[in-house]
Amino acid sequence: MDTKPRALPSALATALAFGASGAVLVLEIVALRLVGPYVGVTLQVSSSVIGVSLAAIAYGAWIGGRLADRFDPRALLAPALILGAIGTAVTLPLVRWGGEFLRGGAAPAVLLLAALAVFLPALVLSTIAPMVVKLQLADLSRAGTVVGRLSSIGTLGAITATLITGFVFVAAMPSSVIILSLAVLLAVAGFALGWWLRRDLPGTPKIRASLAVVGLVGAGLGAAAPTPCDVETAYHCASVVEDPARDGGRTLVLNSARHSYVDLNDPTHLEFEYVKWIGAVTEALAPAGARIDALHIGGGGFTVPEYLRATRPGSDQIVLELDGGLVDLDQRDLGLKPGPDLRIEVGDARVGVAGLPAAAYDLVVGDAFGHLVVPWHLATREMAEEVARVLRPGGVYAQNVIDYPPNRFIRAELATVAAAFPHVALIAPPAAIAGDRGSNFVILASHDPLPTDAIWPRLAAVEEPATLLSGAELDAFIDDARVLTDDYAPVDQLLAG
């Protein structure tokens with residue numbers, strides 16, 4: 001009597017391999033967005049999510065193979081799909097409640113939160129492929145063909161899910177909807193497969209019913225889990241917080257970081273110290289009220305563009321902002337009103353700057369961040385050279401940078417900007433320059449000598465003391481820092497140092 005498990009139909013085996021692998025990649029991509037509000041969006045975070053996902057795939061494949069050899073795989077496939085659905089559903093409460101305790105960028109917290117976001121469902125779903133392979137290996141003479149075909153189908157499923165999630169799902173719906181929809185889809189597939197196999201596997205409905213109850217509880221917890229976002233854009237978890245101490249004051253929070261402050265009633269009010277420093281630079285750049293042509297790399301809350309619009313009427317400004325969803329939020333909640341004098345181009349700033357004419361701007365403000373990190377491709381010598389190309393003689397480039405002791409990133413970025421501009425200076429609190437605490441730093445650069453004599457008295461009027469480094473003092477601060485290039489820009493590692 002033949003006791004070997006009966007092979008699945010080829011189409012069903014293909015669908016299972018394709019769908020299970022695709023589901024894992026959906027989870028991996030969405031996991032990056034789930035953990036971002038708590039630990040940021042950095043290279044370490046991305047590496048952690050990818051590494052945890054690969055570990056789950058490896059362990060899942062190993063466990064699935066062992067189980068397939070010990071039990072009838074037909075009895076395991078439907079429960080695996082349903083357990084994968086449950087693991088997917090409980091991802092939301094695990095991350096959103098766990099994230100409140102794991103906030104920050106410490107490596108153990110990042111790894112643990114990444115594991116909460118993806119490990120369990122990815123491991124369970126990764127057990128499916130070896131079970132399917134075992135069921136299809138009726139003829140060992142065709143083992144290579146079967147394994148190769150199902151492996152390629154699984155890879156195609158992963159590729160398809162990656163592209164659709166990145167280009168469609170993330171732009172069309174919140175992460176919570178993607179996760180819960182995937183959980184429902186996996187559950188439906190599991191119950192449908194279990195129903196189809198019921199003639200061969202009596203007694204399994206009770207098991208599936210028990211799993212269904214657990215799944216419903218998990219989905220309910222996921223739907224009820226707290227969310228840190230008012231709006232989830234394609235790149236940010238965004239919220240707008242009212243300032244109880246100032247009527248009209250609003251703080252834009254992106255991925256748990258206070259990104260911008262806007263006064264709806266007074267666009268000339270500058271709240272953050274680094275923005276006041278940039279305001280001091282704009283006041284020294286040209287006579288009061290004179291129009292200027294300004295380019296902004298990064299929009300955020302559009303505080304500086306609105307400040308220039310109010311203090312220098314008639315100025316021509318263009319803002320390069322990657323996140324179109326953030327622009328919509330600014331228009332709805334922060335009073336942003338684009339117009340002929342304030343144009344917004346949605347897209348990557350590196351590409352946007354490359355398409356602008358030479359010597360077209362009196363002021364370039366660099367204030368683009370991915371969480372607390374300047375995107376690496378906006379921090380290289382090649383990018384600084386593009387900014388130098390579009391800046392007019394006498395114009396000023398003001399770049400906001402965040403760094404922490406021992407100041408490795410700010411020193412490298414200063415060296416990088418100095419490789420493209422002959423005149424460079426730095427505004428920062430004395431304690432930050434001394435390496436005693438983290439802070440914002442504003443790099444100033446120009447083709448011509450900077451108006452430091454005009455900037456100094458304006459900095460003195462700012463509440464928090466700030467110093468202006470230039471010349472030999474700046475050279476000593478930069479020391480032997482390496483210039484960042486498109487070929488070498490370990491921004492995240494420098495910042496973490």
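Keep in mind that this is a model prediction, so the values were computed, not measured.
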Original post:
Applying the side chain to side chain contact (heavy atoms under 4.5 Å, CB included) test to Arg411, which of Asp480, Thr416, Asp403 qualifies?
Top reply: Asp480

Original post:
Does Tyr488 have Arg482 sitting over its ring (NZ/CZ under 6.0 Å from centre, angle to axis within 45°)?
Top reply: yes

Original post:
Can you tell me how far the CD1 atom of Ile478 sits from the CG atom of Asn407, to the nearest 0.5 Å?
Top reply: 12.0 Å

Original post:
Taking the side chain from Arg458 and the backbone from Trp277, do they hold a donor-acceptor pair closer than 3.5 Å?
Top reply: no

Subject >> Criterion salt bridge (Lys or Arg N to Asp or Glu O under 4.0 Å) on Arg350 and Asp486, from CA distance to verdict >> reply: CA-CA 12 Å; Arg350 179 72 178 265; Asp486 284 351; 2.6 Å; yes

**OP:** Please round to the nearest 0.5 Å and tell me the distance separating atom OG of Ser439 and atom CD1 of Ile427.
**Re:** 11.5 Å

**OP:** Tell me, yes or no, whether the heavy-atom count around Asp479 atom CG, taken from other residues, nucleotides or ligands under 6.0 Å, exceeds 12.
**Re:** yes

**OP:** Classify the side-chain pair Asp448/Ser446 by whether it contains a donor and acceptor separated by less than 3.5 Å.
**Re:** no

Subject >> Residues, nucleotides or ligands: over 12 heavy atoms within 6.0 Å of Phe272 CZ >> reply: yes

Subject >> Min side-chain heavy-atom separation Ile179-Leu27 under 4.5 Å >> reply: yes

Subject >> Nearest heavy atoms of Arg309 and Gly339, plus distance in Å >> reply: NH2-N, 3.8 Å

Original post:
Between Pro375 and Ala368, what is the shortest heavy-atom contact and its length?
Top reply: CD-O, 3.4 Å

Original post:
Are Arg33 and Ile178 close enough that some pair of their side-chain heavy atoms sits under 4.5 Å apart?
Top reply: no

Original post:
Are side-chain heavy atoms of Val30 and Phe169 found at a separation under 4.5 Å?
Top reply: no

Original post:
Does some side-chain heavy atom of Val424 sit less than 4.5 Å from a side-chain heavy atom of Leu414?
Top reply: yes

Original post:
Does a side-chain heavy-atom distance below 4.5 Å link Gln317 with Phe302?
Top reply: no

Original post:
Got more than 12 heavy atoms from elsewhere within 6.0 Å of CG, Asp266?
Top reply: yes

Subject >> Separation of Leu308 CG from Thr268 OG1 (nearest 0.5 Å) >> reply: 12.0 Å

Original post:
Quick one: CZ on Phe441 to CD on Glu413, what's the gap to the nearest 0.5 Å?
Top reply: 12.5 Å

